[in-house]
Amino acid sequence: MSVSLETRYLEGFVRAHEWGALQEQVSAAHEALHSGTGLGNDFLGWLSLPTDYDKAEFARIQAAAERIRQDTDIFIVIGIGGSYLGARAAIEFLKSPLYNAKKKDTPDIYFAGNSISGTALKELLELCEGRRVSVNVISKSGTTTEPAIAFRVFRDYLERTVGHEEAKKRIYATTDRAKGTLKGLADREGYETFVVPDDVGGRYSVLTAVGLLPIAVAGCDIAALMAGAADAQKALADPDITRNDCYRYAAARNILLRKGRAVELMVSYEPCCAMLNEWWKQLYGESEGKDGKGLFPASVVFSTDLHSLGQFVQDGSNMLFETVMQFGRAPEDMVIEEDADNVDGLNFLAGRAMSEINRKAFEGTVLAHSDGGTPSLVLNIPAIDEHSLGYLIYFFEKACAISGYLLGVNPFDQPGVESYKRNMFALLGKPGYESEKAALEKRLGRE
């Protein structure tokens with residue numbers, strides 16, 4: 001059971017010879033990736049991670065998750081970017097966007113440290129009052145501003161409410177193996193620690209302890225998740241784009257970009273994919289958006305967004321293409337019942353499952369968009385379950401690496417992210433940034 005790519009809706013937009021013309025470049029990207037000779041080759045740990053991970057730490061993750069499920073009502077996951085998006089995406093995809101509102105035998109899970117909003121942080125603290133709280137702080141260094149602020153607040157909260165000794169048992173640190181501010185603090189205080197591997201960048205880290213601990217706390221089967229990724233690792237190793245749908249996806253993105261389609265719209269027809277879309281957007285936006293290059297990653301959930309953005313996709317400027325995620329099986333379904341009065345005129349749907357109606361919405365939409373001038377790729381995914389998600393995560397990660405190499409960029413760094421941080425630190429008066437502050441204040445009109 002694997003993810004497959006359907007390209008029938010590219011007819012009229014991509015010609016047959018264009019695939020073959022890109023094969024040599026794809027093969028070169030494959031060789032650079034697998035030989036470790038390409039840009040960013042010190043961050044390739046994710047490539048073999050599904051089969052070459054620390055089994056002892058994996059067992060500790062499972063044990064810690066079980067302990068947290070038994071002694072915790074609210075689990076706070078502190079991190080930003082890749083330190084939280086993968087876990088949140090997996091939990092909402094596998095369990096529900098309404099996970100915290102549902103009856104369950106696992107803790108509520110909230111994510112903090114991904115903004116600088118005092119309002120949001122205060123509201124989260126209020127939810128914790130009178131409940132058993134544990135914290136997972138995720139940071140390679142321990143000094144990234146947003147999560148560091150949140151961790152300072154929640155560490156103080158735990159020490160005030162349950163005491164210093166009990167707080168130490170309720171704080172779990174996912175950080176560097178040997179160095180950094182957070183690692184030093186964790187060692188001094190005795191927090192249980194898990195490792196952010198040196199050779200796995202943040203946005204590729206969901207299948208490490210970064211994502212696996214929160215996902216396991218939610219009651220998801222992380223062994224099945226890793227098994228799905230391992231199947232993808234094995235299946236997606238052929239450089240031939242006629243046999244490797246992952247590479248064919250990467251090639252299609254680049255062909256369409258060269259034709260002026262500068263925006264990729266990730267489409268799903270299930271609300272549980274909303275945060276998966278957000279994880280995908282970081283993966284591709286941060287990996288490819290550099291050196292004046294890259295596709296802009298955007299996302300929608302249909303049919304909801306057909307009532308807000310559908311007009312633009314149908315009749316707007318020809319700047320985008322769609323990649324649609326379609327699922328073979330959903331965990332739950334409903335059948336439309338007959339209504340005696342047929343007030344809404346929907347009795348023609350009686351006896352039909354909503355999954356069937358949803359499928360027809362997709363089919364009608366993809367044909368309409370194609371007629372309107374928007375090409376579509378379709379990713380067929382077997383089910384909304386752990387194995388399929390593990391496979392899909394690896395599929396997207398590897399396609400991103402190949403696509404980045406096709407663009408001629410380093411898909412594993414993010415130099416542009418540092419620019420706003422330097423300006424923010426200078427404006428806040430952080431020691432060491434004094435020389436920059438005056439110039440920035442002048443630009444802001446505050447001489």
Quiz item: Between CZ of F111 and CZ of R88, what distance do you get to the nearest 0.5 Å?
Solution: 6.5 Å

Practice problem: Indicate whether the side chain of E338 and that of N347 have a donor and an acceptor atom separated by less than 3.5 Å. | Solution: yes

Quiz prompt | Partners meeting salt bridge (Lys or Arg N to Asp or Glu O under 4.0 Å) with K281 (sequence neighbours left out) | solution = E278

Quiz item: For A401, which residues count as a side-chain contact (heavy atoms from CB on, under 4.5 Å) partner, sequence neighbours excluded?
Solution: L33, W46, F412

Quiz item: Below 4.0 angstrom, N of the basic side chain to O of the carboxylate: do K360 and E356 qualify?
Solution: no

Quiz item: From N277 CG over to Q282 CD, what is the distance, rounded to the nearest 0.5 angstrom?
Solution: 13.5 Å

Practice problem: May I ask you to check if K104 and Y99 form a cation-pi contact, with NZ or CZ under 6.0 angstrom from the six-membered ring centre and within 45° of the axis? | Solution: yes

Quiz item: Once the angle between the rings of Y53 and F58 is folded into 0 to 90°, is it parallel (under 30°), tilted (30 to 60°) or perpendicular (over 60°)?
Solution: tilted

Self-check item: Backbone of S139 reached by a side-chain donor or acceptor of T175 within 3.5 Å
Solution: yes

Quiz item: How about E288 and S403: does a side-chain donor come under 3.5 Å of a side-chain acceptor?
Solution: yes

Practice problem: Assign the ring pair F396 / W279 to parallel, tilted or perpendicular, where the plane angle (0 to 90°) is split at 30° and 60°. | Solution: tilted

Quiz item: Should the pair R177-E57 be classified as a salt bridge under the 4.0 Å nitrogen-to-oxygen rule?
Solution: no

Quiz prompt | Residue pair E123 / T119, side-chain donor-acceptor N/O under 3.5 Å | solution = no

Quiz item: Under 30°, 30 to 60°, or over 60°: which ring-plane class applies to F93 and F327, parallel, tilted or perpendicular?
Solution: tilted

Exercise. May I ask you to check whether T174 and N136 show a side-chain donor-acceptor distance below 3.5 Å?
Key: yes

Self-check item: Residue pair S115 / S117, side-chain donor-acceptor N/O under 3.5 Å
Solution: no

Quiz item: Is there a donor-acceptor pair under 3.5 Å between the side chain of D305 and the backbone N or O of V301?
Solution: yes

Practice problem: Could you tell me which residues satisfy side-chain hydrogen bond (donor to acceptor under 3.5 Å, both in side chains) with E11, sequence neighbours excluded, listed by chain and number? | Solution: none

